[in-house]
Each structure stands twice: as C-alpha cells, then as structure tokens.
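Numbers restart at 1 for each chain; the letters A, B, ... are given by sequence-line order, proteins then strands. Side chains are part of it too, since the values below use all heavy atoms of this structure and drop only hydrogens, waters and symmetry mates.
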There are 2 protein chains.
Amino acid sequence: MRYSYQREIILDIVRSTKTHPTAEWIHNKAQKKIKAISLGTVYRNLGLLENLGKIQTVKDNNVVRYDCNIEPHNHLKCKICDTLIDIPVANEAMKKNVKSKYNFDVDDINITFIGTCSKHN
Amino acid sequence: MRYSYQREIILDIVRSTKTHPTAEWIHNKAQKKIKAISLGTVYRNLGLLENLGKIQTVKDNNVVRYDCNIEPHNHLKCKICDTLIDIPVANEAMKKNVKSKYNFDVDDINITFIGTCSKHN
DNA sequence: TAATAAATAGTAATCATTCCTAATAAATAA
DNA sequence: TTATTTATTAGGAATGATTACTATTTATTA
C-alpha cells in the first residue's frame with residue numbers, strides 16, 4: 001500500500017480521542033490540517049485502516065463510529081449523554097456455551113449495554 | 001388509537017414469520033392483501049406497534065428488522081446465510097456486574113453473536 | 001347521517017455512506 | 001534527476017433506508 005499523507009492524518013485523529021468519533025467528525029478535524037480533504041477520502045481510508053486492523057468500528061444507531069482501541073472489547077452506551085464507554089470483553093466463555101447449546105460457531109460477540117452512566121447519579 | 005385495517009394486516013404479517021423481516025419485505029407481503037398500501041404506512045405502523053410493545057426491532061447492519069417475539073432475547077447472526085436466530089437472554093447477572101464495576105445502570109443489553117450456524121457444518 | 005379528526009397514499013426530503021472520474025502524487029526505472 | 005506508471009485524491013453524483021409532508025380517505029361520535 002502506497003503512503004498517503006491523508007491516511008496518516010486520519011489515523012492520527014482517530015488515535016487522538018476515546019470519543020468514538022464519526023466519519024464526519026474526523027473529516028472536520030482533518031480539514032484543519034488539509035483544507036481540501038474530501039469526505040470520500042476519509043471514508044475510504046477509515047475502511048482501509050479497519051482492514052489493516054489499525055482501528056475498529058462500532059455501530060451506534062445508524063452511524064458508524066471509529067475506535068483506536070483494537071483490543072476485543074464491548075461498550076456501555078449512555079442514553080443520556082450518548083457516550084460510548086469501552087469495557088473488556090464480558091465473557092469469552094459465552095462462546096463455548098453458545099457452541100454447545102446451539103451448535104453455532106461464534107467468531108465475534110457484539111454486546112452493547114444501554115443505560116445510564118455514572119455521571120448521572 | 002383508532003382501528004386501522006392496514007395496521008391489523010401489518011401485525012398479522014410480522015406474527016406470521018420468525019425470519020425477522022424488514023419493512024420492505026413486510027410492505028411486499030402487505031400489498032398482496034391491500035394493493036395500494038404505502039411504504040410510509042408500513043413504517044409508521046411498525047413504529048406504533050413497537051411503542052405498543054406488540055413487536056420488537058433488531059438492528060441488522062444498516063437495516064431494521066421486526067420481530068414478533070416480545071420476550072427479552074438476543075440473537076445469533078449467521079454470516080453465511082444471514083439468518084438471525086433468537087436465543088434467551090444470555091445472562092441477567094451481567095447487569096449487576098456492570099453496575100458494580102462501572103456504576104452504570106443497565107436498562108437493556110444488546111448482544112449479537114456473529115458466526116456460523118448449525119446448517120453449515 | 002353529518003361532523004371530526006386520525007390515518008392513509010403518494011411523493012419529496014434527509015442523511016450516512018458509496019460510487020465515479022478526471023486530476024494529482026508516490027514509487028520506481030531509466 | 002527525470003520520466004513513467006498507477007494508486008490515491010477531490011469533488012460531486014448516486015444509493016438506499018427511513019422520515020416528513022399534504023391532500024384525501026375513513027373510523028368514530030354526536
């Protein structure tokens with residue numbers, strides 16, 4: 001894969017935050033560095049970086065968010081402030097459980113806990 | 001809420017299958033009974049039926065699927081045949097765990113196991 | 001049976017994401 | 001160093017699920 005300054009900046013931006021930014025947010029930030037960077041370039045490079053295993057994605061409603069945390073992990077989603085909080089994988093043993101109960105080979109577990117985070121109590 | 005024949009047909013259709021149909025699929029089926037039923041009517045009534053607690057929704061990629069199973073439950077998603085399989089809630093005790101570890105009050109747990117179902121082995 | 005207001009059909013708008021293409025730029029060979 | 005090749009980009013158009021809008025229809029009730 002050929003070097004691209006756009007891709008470098010995009011990766012830097014994703015790595016600069018734990019807020020699980022959207023493509024649009026990343027695009028806005030990137031424009032501070034490269035005024036003419038296009039949204040398509042941001043999307044394409046985010047996809048490439050995901051394929052390279054350098055970033056992860058999280059589905060949040062109907063938006064994709066990007067995450068520099070590449071460890072397997074799950075999320076707490078606060079319905080009040082919309083924050084996504086990373087948590088370690090809840091239980092690897094669940095995979096074995098599902099295999100024995102349903103004869104279903106689990107590759108990936110997608111867990112989101114929806115509720116109210118510690119800021120609001 | 002006023003009676004509507006369209007709404008009755010839509011609920012019947014959702015209750016007729018365990019395939020977690022999309023709004024478009026439901027619309028196609030509904031047109032067999034009511035030739036001029038509009039897609040907007042299908043969406044609006046699916047939303048109303050969800051608010052009434054008569055059906056549930058599942059997010060599948062960027063599509064919403066509808067489910068007549070109104071028990072709390074989670075899903076196995078087969079990446080080969082795209083089937084969604086209902087399973088009972090994996091573990092209610094996880095809520096308490098998350099509360100004590102992260103001081104996060106869980107209302108709802110969203111779990112999808114992605115993998116290969118028993119048809120393919 | 002007439003009045004009323006909720007529900008519908010049909011279509012336009014929205015919004016995140018993907019696709020397309022001519023122009024640009026990184027890598028490599030001469 | 002310079003020319004060549006081809007991946008990458010910018011900019012804008014297209015897509016597809018869903019929502020919004022509005023004139024018309026229909027369930028309800030007085």
Side-chain angles (χ1 to χ4, degrees), chain A residues 1-14 17 19-67 75 77 82 84 110 112, chain B residues 1-14 17 19-67 75 77 82 84 110 112:
Chain A
M1 177 177 299
R2 212 162 76 168
Y3 170 82
S4 123
Y5 180 56
Q6 283 84 342
R7 185 152 54 241
E8 182 178 320
I9 293 297
I10 289 164
L11 181 54
D12 283 352
I13 291 170
V14 177
T17 180
T19 61
H20 306 81
T22 62
E24 202 191 344
W25 188 94
I26 295 163
H27 182 229
N28 281 339
K29 273 255 171 177
Q31 285 178 316
K32 305 273 162 66
K33 292 257 181 185
I34 308 170
K35 64 183 181 317
I37 193 171
S38 78
L39 186 55
T41 296
V42 171
Y43 272 107
R44 187 167 26 73
N45 280 296
L46 288 169
L48 291 170
L49 291 167
E50 186 188 7
N51 288 343
L52 292 172
K54 297 194 171 180
I55 63 177
Q56 279 196 349
T57 57
V58 207
K59 300 254 168 67
D60 184 25
N61 270 342
N62 46 348
V63 200
V64 175
R65 295 184 173 279
Y66 297 87
D67 193 345
H75 295 96
K77 156 109 187 215
D82 274 342
L84 283 177
N110 227 300
T112 307
Chain B
M1 176 176 299
R2 209 164 78 168
Y3 170 82
S4 123
Y5 180 56
Q6 283 82 344
R7 184 153 56 242
E8 181 178 320
I9 293 298
I10 289 165
L11 181 55
D12 283 351
I13 291 170
V14 177
T17 181
T19 61
H20 305 83
T22 62
E24 203 192 342
W25 189 94
I26 295 163
H27 182 229
N28 282 338
K29 273 255 171 178
Q31 285 177 315
K32 306 273 162 65
K33 293 257 182 188
I34 307 169
K35 64 184 182 315
I37 192 171
S38 80
L39 186 55
T41 296
V42 171
Y43 272 107
R44 186 168 25 75
N45 279 297
L46 287 169
L48 290 170
L49 290 167
E50 186 188 8
N51 288 343
L52 292 172
K54 297 194 172 180
I55 63 176
Q56 277 196 350
T57 57
V58 208
K59 299 255 169 68
D60 184 25
N61 273 340
N62 48 346
V63 201
V64 175
R65 296 183 172 279
Y66 297 87
D67 194 344
H75 294 96
K77 157 108 186 215
D82 274 343
L84 284 178
N110 226 301
T112 308

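- The minimum heavy-atom distance between A:R65 and A:D60, with the atom names listed, is NE-OD2, 2.7 Å.
- Distance CD1 (B:I34) to P (D:dT25): 17 Å, rounded to an integer number of Å.
- In this structure, B:R7 contributes its side chain and B:R2 its backbone to a donor-acceptor pair below 3.5 Å.
- Residue B:T41 places at least one side-chain N or O closer than 4.0 Å to OP1 or OP2 of C:dA9.
- You'll find the side chain of B:V64 stays beyond 4.5 Å of the side chain of B:T22, heavy atoms only.
- Contacts of A:R7 with the nucleic acid, taken as non-hydrogen atoms under 4.0 Å apart, involve only primed sugar atoms and P, OP1 or OP2.
- A side-chain donor-acceptor contact under 3.5 Å links B:K59 and A:N61.
- Annotation: side chain of B:T57 is not in contact with side chain of B:D67 (no heavy-atom distance under 4.5 Å).
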Pairing annotation in dot-bracket form, given for DNA chain D with Watson-Crick or G-U pairs under 3.5 Å and | for cross-strand partners: ||||||||||||||||||||||||||||||

Would you tabulate the nitrogen or oxygen pairs shorter than 3.5 Å linking the protein to nucleotides 14-18 of chain C?
unit_1: C:dT17; atom_1: OP1; unit_2: A:V64; atom_2: N; d: 2.7
unit_1: C:dT17; atom_1: OP2; unit_2: A:Y43; atom_2: OH; d: 2.5
unit_1: C:dT17; atom_1: O5'; unit_2: A:Y43; atom_2: OH; d: 3.3

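- Computed from coordinates, the B:K33 NZ to C:dA9 C1' distance equals 20 Å when rounded to whole Å.
- For the pair A:A23 and A:V42, the tightest heavy-atom approach, listed with the atom from each and the gap, is O-CG1, 3.8 Å.
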Please write out each protein N/O paired with an N/O of nucleotides 27-30 of chain D under 3.5 Å, distance rounded to 0.1 Å.
unit_1: D:dA27; atom_1: N3; unit_2: B:R2; atom_2: NH1; d: 3.2
unit_1: D:dT28; atom_1: OP1; unit_2: B:Y3; atom_2: N; d: 3.3

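- Considering all non-hydrogen atoms of both residues, B:I10 and B:T41 come closest at CD1-O, 4.1 Å.
- Put simply, CG on B:N45 is 15 Å from P on D:dA20, counting in whole angstrom units.
- The NE2-P distance, from A:H27 to D:dA10, rounds to 8 Å in whole Å.
- Summarising the geometry of B:L39 relative to B:E24, their closest heavy-atom pair is CD1-CA, 4.4 Å, with the distance given to 0.1 Å.
- More than 12 heavy-atom neighbours from other residues, nucleotides or ligands sit within 6.0 angstrom of NZ on B:K77.
- Between the C1' atom of C:dT11 and the CD1 atom of B:I37 lies a distance of 16 Å, rounded to the nearest Å.
- Protein atom NZ of B:K59 is 16 Å distant from nucleotide atom P of D:dA17, rounded to whole Å.
- Considering only side-chain N and O atoms, B:Q6 lies nowhere under 4.0 angstrom from the phosphate OP1 or OP2 of D:dT26.
- A donor-acceptor pair under 3.5 Å links the side-chain atoms of B:H27 to the main chain of B:I37, judged by distance alone.
- In the model, B:Y66 has no side-chain atom that pairs as donor or acceptor with a side-chain atom of B:E50 under 3.5 Å.
- Summarising the geometry, the separation between CZ on A:R44 and P on C:dC20 is reported as 14 Å, rounded to the nearest angstrom.
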